[in-house]
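Order of appearance sets the numbers: ligands from 1, and atoms from 1 within every ligand.
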Amino acid sequence: MRIVNAAGRASIVGGDGLLDVESASGGAFPADPQALYSLWDDFHSWAAGYTGGPTAPTDTLTFGAPAPRPRQVFAIGLNYRDHAAESGMDVPDTPVVFTKFPASITGPSAVVELPQGSVDFETELVAVLSRDTYRVPATRAWDHVAGLTLGQDLSERELQLRPPVPQFNLGKSYPGFAPMGPELVTADEFPDRDDIGLGCRLNGEQMQKSRTSDMIFPVAEIIAYLSSVLPLYAGDVIFTGTPAGIGMARDPARFLRPGDALVTFAEGIGSMRTQFISPL
Ligand code: ZN
């Protein structure tokens, strides 16, 4: 199953168009995409048995983030070996965790204002949780995933890394710094949910290209680790780390500039186009 946030309304992607969840379910399920995750098992059962047709064409609507207002957003650093190497860091033996504050979330076709500094791109697979999760082992962690989507962990490196102590959370949380979408895709839709190709192109030039099978800590291990420490909630979002090719690791460094267009893609999920503009 594929879900989109179509102009603020949860919608299922069908062959011919979109199915508006609230109207098709007679109000049994809400229009708010974020509210759906707390009802995920019932929603998933209903959707699997639904036989009606689409209620809107796909091309007339603006998509938002499939999880627009999570209670918590987690992000994982140094989760691909080639990216750890380009960053001059050792491969970690436990996940490196930070947050992107939820105010940074935007949709898959956003226009993002560049703040002062050095703004970088990080293509990432994003997992959205389907239930409250605490102390779940990796062997059962996929049962807690509503689906997978695509994200950019945009990062202003000067604030992120400024001494005396790095400020990952702030430097990665400017408005629009967490584009997500376009679709939330359930794990059963992928030939292998742990081996998904992803990458990005900047003004048409390929900058990142990898596969999630190269992750050091796959999705299930990330969820087990996070939930060993604190409760995760239905609808929470996890950015799972970026592969090599970021702007900061290039020689010369390539940070985002006004006028840049960043296309981010993942197999089975689709692509996002993020446009960057000068500070207003
Ligand atoms: Zn990242």
Side-chain angles (χ1 to χ4, degrees), residues 65 67 70 72-92 94-106 108 110 112 114-115 117-129 148-162 166-181 196-202 207-219 221-223 225-226 232 236-250 253-256 262-266 269 272 274 276:
Q72 305 181 109
V73 180
F74 301 93
I76 307 300
L78 304 175
N79 200 25
Y80 289 76
R81 281 181 180 77
D82 57 358
H83 173 59
E86 75 175 356
S87 303
M89 309 292 275
D90 293 334
V91 170
T94 54
V96 173
V97 180
F98 55 92
T99 190
K100 294 173 79 70
F101 294 109
S104 62
I105 291 174
T106 191
V112 177
L114 290 168
S118 302
V119 179
D120 207 346
F121 47 88
E122 297 189 357
T123 299
E124 311 205 0
L125 183 76
V126 172
V128 181
L129 296 184
L148 301 171
T149 189
L150 178 60
Q152 267 290 343
D153 173 17
L154 298 174
S155 307
E156 197 286 286
R157 300 300 189 195
E158 294 173 27
L159 179 55
Q160 178 192 343
L161 301 170
R162 181 181 299 161
Q167 301 268 0
F168 274 47
N169 305 341
L170 273 187
K172 290 168 172 277
S173 293
Y174 283 92
F177 269 32
M180 281 196 285
I196 298 169
L198 77 176
C200 70
R201 289 186 295 273
L202 182 57
M207 304 299 271
Q208 295 187 282
K209 192 167 194 298
S210 188
R211 304 196 66 82
T212 60
S213 50
D214 289 335
M215 284 182 178
I216 297 164
F217 302 102
V219 170
E221 289 185 32
I222 293 169
I223 292 169
Y225 180 73
L226 293 172
L232 318 182
D236 278 0
V237 163
I238 304 172
F239 280 71
T240 59
T242 197
I246 61 166
M248 182 173 63
R250 292 170 178 272
R254 173 61 164 97
F255 296 113
L256 294 167
L262 182 66
V263 172
T264 311
F265 52 88
I269 297 172
M272 306 194 293
T274 310
F276 296 92

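- If you look at E124 and ask which of its N, O or S atoms sits nearest the Zn ion (ligand 1), the answer is OE2.
- Summarising the geometry of M207 relative to R250, their closest heavy-atom pair is O-NH2, 2.7 Å, with the distance given to 0.1 Å.
- Partner F98 forms a ring-ring contact (aromatic ring centres under 6.0 Å, His included) with one of F239, F74, F168 and no other, that one being F168.
- The N, O or S atom of D153 with the smallest distance to the Zn ion (ligand 1) is OD2.
- E122 has its closest N, O or S atom to the Zn ion (ligand 1) at the position named OE1.
- A donor-acceptor contact closer than 3.5 angstrom links the side chains of T123 and Q152.
- Between the side chains of S173 and K100, no donor N or O sits under 3.5 Å from an acceptor N or O.
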